[in-house]
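Below: one structure, written as structure tokens.
All values derive from a computational prediction rather than experimental measurement.
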Protein chains: 2
Amino acid sequence: MSTVPTATISRLVTYLRILTQLEAQGIKKTSSEHLADEAQVSAFQVRKDLAYFGRFGTRGAGYTVPTLRRELRRILGLTRSWSAAIVGMGRLGEAIAHYPNFGAYDFLLKGAFDIDPHKVGREVAGLTVQHVDELPRVVREKGIDIGFITVPHEAAQDAADALVRAGVKGILNFAPTVIDVPKEIHVEPVDFLAGLKRLSFYILNPQLREEVA
Amino acid sequence: MSTVPTATISRLVTYLRILTQLEAQGIKKTSSEHLADEAQVSAFQVRKDLAYFGRFGTRGAGYTVPTLRRELRRILGLTRSWSAAIVGMGRLGEAIAHYPNFGAYDFLLKGAFDIDPHKVGREVAGLTVQHVDELPRVVREKGIDIGFITVPHEAAQDAADALVRAGVKGILNFAPTVIDVPKEIHVEPVDFLAGLKRLSFYILNPQLREEVA
DNA sequence: ATATGTGAATTGATTCACAGCG
DNA sequence: CGCTGTGAATCAATTCACATAT
């Protein structure tokens with residue numbers, strides 16, 4: 001268990017999603033082969049990914065949906081709830097803030113911030129937009145763990161600096177920017193422009209494609 | 001050049017972004033080391049990534065910013081323009097449709113679609129929302145290459161099927177869903193909920209982190 | 001009988017060290 | 001002399017094959 005591939009974590013998230021659907025459909029049993037089909041990976045891969053964390057199945061029988069789902073939620077840290085704040089209340093920030101069922105995933109949006117005085121004071125998704133200067137206080141008082149960056153490219157590093165100073169533990173970065181943060185802060189990029197450019201490449205070079213992250 | 005790692009393509013996109021900034025700042029020369037710093041990778045990695053596609057530098061001197069930028073745009077297929085259509089005109093779809101400077105990247109949004117009759121007919125970002133049934137005609141008439149899926153999870157596979165039937169060549173999938181498409185169609189996932197869950201894992205297991213995709 | 005769990009083999013990606021060129 | 005370009009070496013991830021458990 002000393003080192004787990006990043007790709008494994010991404011796939012665990014996918015398996016969890018599939019198990020959640022299966023559970024909602026009332027299906028009780030599954031197998032590495034079924035999960036592999038749904039996740040578009042090999043059954044070997046599913047078993048190896050799970051093996052990094054333990055043994056969750058029954059030989060000859062497969063996996064019990066609720067059990068495996070519970071284990072994956074525990075592994076991914078989704079049995080507790082996480083508090084988040086969003087920096088950048090333009091259209092993208094608003095869309096993210098309104099994302100339905102945030103709470104259903106145990107992510108609680110507890111703060112919305114911007115530097116633009118015209119945006120400060122507005123109501124968005126039940127939150128009053130505050131100035132970024134308030135970030136350290138709000139992060140402390142509300143116990144915010146995660147920051148979302150939804151500002152334009154030029155402002156992304158400043159937003160990251162502000163979030164790090166305020167004390168968040170991780171950042172979900174929607175800006176098309178490689179941000180520089182202390183190594184103990186984890187950053188997950190969510191960069192749709194980059195995805196669009198990769199798409200351009202792969203449409204023109206279909207033969208050079210193996211697998212998608 | 002027979003096979004190029006997916007991660008290389010992602011990094012080329014990053015290098016291009018950095019070069020674009022350098023060019024905007026009027027900087028004419030750079031080096032693998034400088035690019036590596038900005039992109040948070042090693043200089044070896046930069047040179048190896050470029051080597052998959054040719055030789056773009058001058059030994060002893062480094063790279064010429066405008067030249068390397070032009071070459072990367074060519075490699076990634078960004079010297080032509082791409083036409084896109086978006087399926088799902090909820091908040092996320094609207095936010096994406098309004099994304100500033102879409103055109104600046106030579107991506108042209110030429111159609112907006114939904115199945116909800118209440119949304120059909122509305123104006124969004126200069127486009128009239130059309131029913132998904134119109135997709136095949138519009139894709140054909142407007143020469144649309146790329147489809148964006150911004151519908152909820154439950155509708156994602158149907159949206160993908162509609163886009164594939166209409167004849168798009170690639171899909172940018174914002175839904176939290178592994179969609180099933182013919183293998184010649186490339187799909188790029190842009191899944192922020194998955195990013196959020198990975199973040200949860202890495203905040204709880206900081207020791208298990210190596211690199212971020 | 002059947003499907004998991006896992007060491008070994010293979011494949012792929014990154015790092016290295018230095019040859020090659022300006 | 002400096003920095004790129006690249007084969008060789010290392011390191012990591014995936015695939016395989018089968019022993020193992022029910």
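- Which of C/dG22, D/dT22, D/dT6 sits closest to the side chain of A/Thr58 comes down to D/dT22.
- We find that NZ of A/Lys48 is positioned 13 Å from C1' of C/dT10, with the value rounded to whole Å.
- Within the 4.5 Å cutoff, the side chain of A/Leu50 has heavy atoms near those of the A/Leu72 side chain.
- Under the 4.5 Å side-chain criterion, counting only non-hydrogen atoms from C-beta, B/Thr67 is not in contact with B/Phe56.
- Counting atom types as modelled, B/Arg55 pairs no side-chain N or O with a base atom of D/dG5 as donor and acceptor under 3.5 Å.
- Comparing D/dA8, C/dT6, C/dT4 by their nearest atom to the side chain of A/Tyr63 picks out C/dT4.
- Under 4.0 Å is where a charged nitrogen must lie from a carboxylate oxygen, and between B/Glu94 and B/Arg91 no such pair does.
- Summarising the geometry, the separation between CD1 on A/Ile9 and P on D/dA13 is reported as 11 Å, rounded to the nearest angstrom.
- Projected onto DNA chain C by closest heavy-atom contact, B/Phe44 and A/Phe56 fall at different nucleotides, the more 5' of which corresponds to A/Phe56.
- Among the nucleotides C/dC21, C/dA3, C/dA17, the one closest to any side-chain atom of A/Arg59 is C/dA3.
- Looking at the side chain of A/Thr8, the nearest of the listed nucleotides D/dT14, C/dG22, C/dT14 is D/dT14.
- Across C/dA3, D/dT14, D/dT4, the shortest atom-to-atom separation from the side chain of A/Ser31 is found for C/dA3.
- Look at CZ on B/Phe53: it is 19 Å from P on D/dT4, rounded to the nearest Å.
- D/dC18 atom P lies 14 Å from atom CZ of A/Arg47, rounded to whole Å.
- Taking only side-chain nitrogens and oxygens, A/Ser32 comes nearer than 4.0 Å to OP1 or OP2 of C/dT4.
- Classification of the A/Phe148-B/Phe192 ring pair by plane angle, with boundaries at 30° and 60°, yields perpendicular.
- Using a 4.0 Å cut-off, no side-chain N or O of B/Gln45 falls inside it from OP1 or OP2 of C/dA13.
- Rounded to whole angstrom, the span from the CG atom of B/Leu50 across to the C1' atom of C/dT14 amounts to 15 Å.
- Residue-environment remark: CG (A/Leu108) exceeds the threshold of 12 foreign heavy atoms within 6.0 Å.
- In this structure, the CD atom of A/Glu33 is 12 Å from the C1' atom of C/dT4, given to the nearest Å.
- Distance CZ (B/Arg11) to C1' (C/dT14): 8 Å, rounded to an integer number of Å.
- Atom OH of A/Tyr52 and atom P of C/dG7 are 12 Å apart (whole Å).
- Residues A/Ser42 and A/Gly60 each lie close to DNA chain D; by heavy-atom proximity, the contact nearer the 5' end of the strand is made by A/Ser42.
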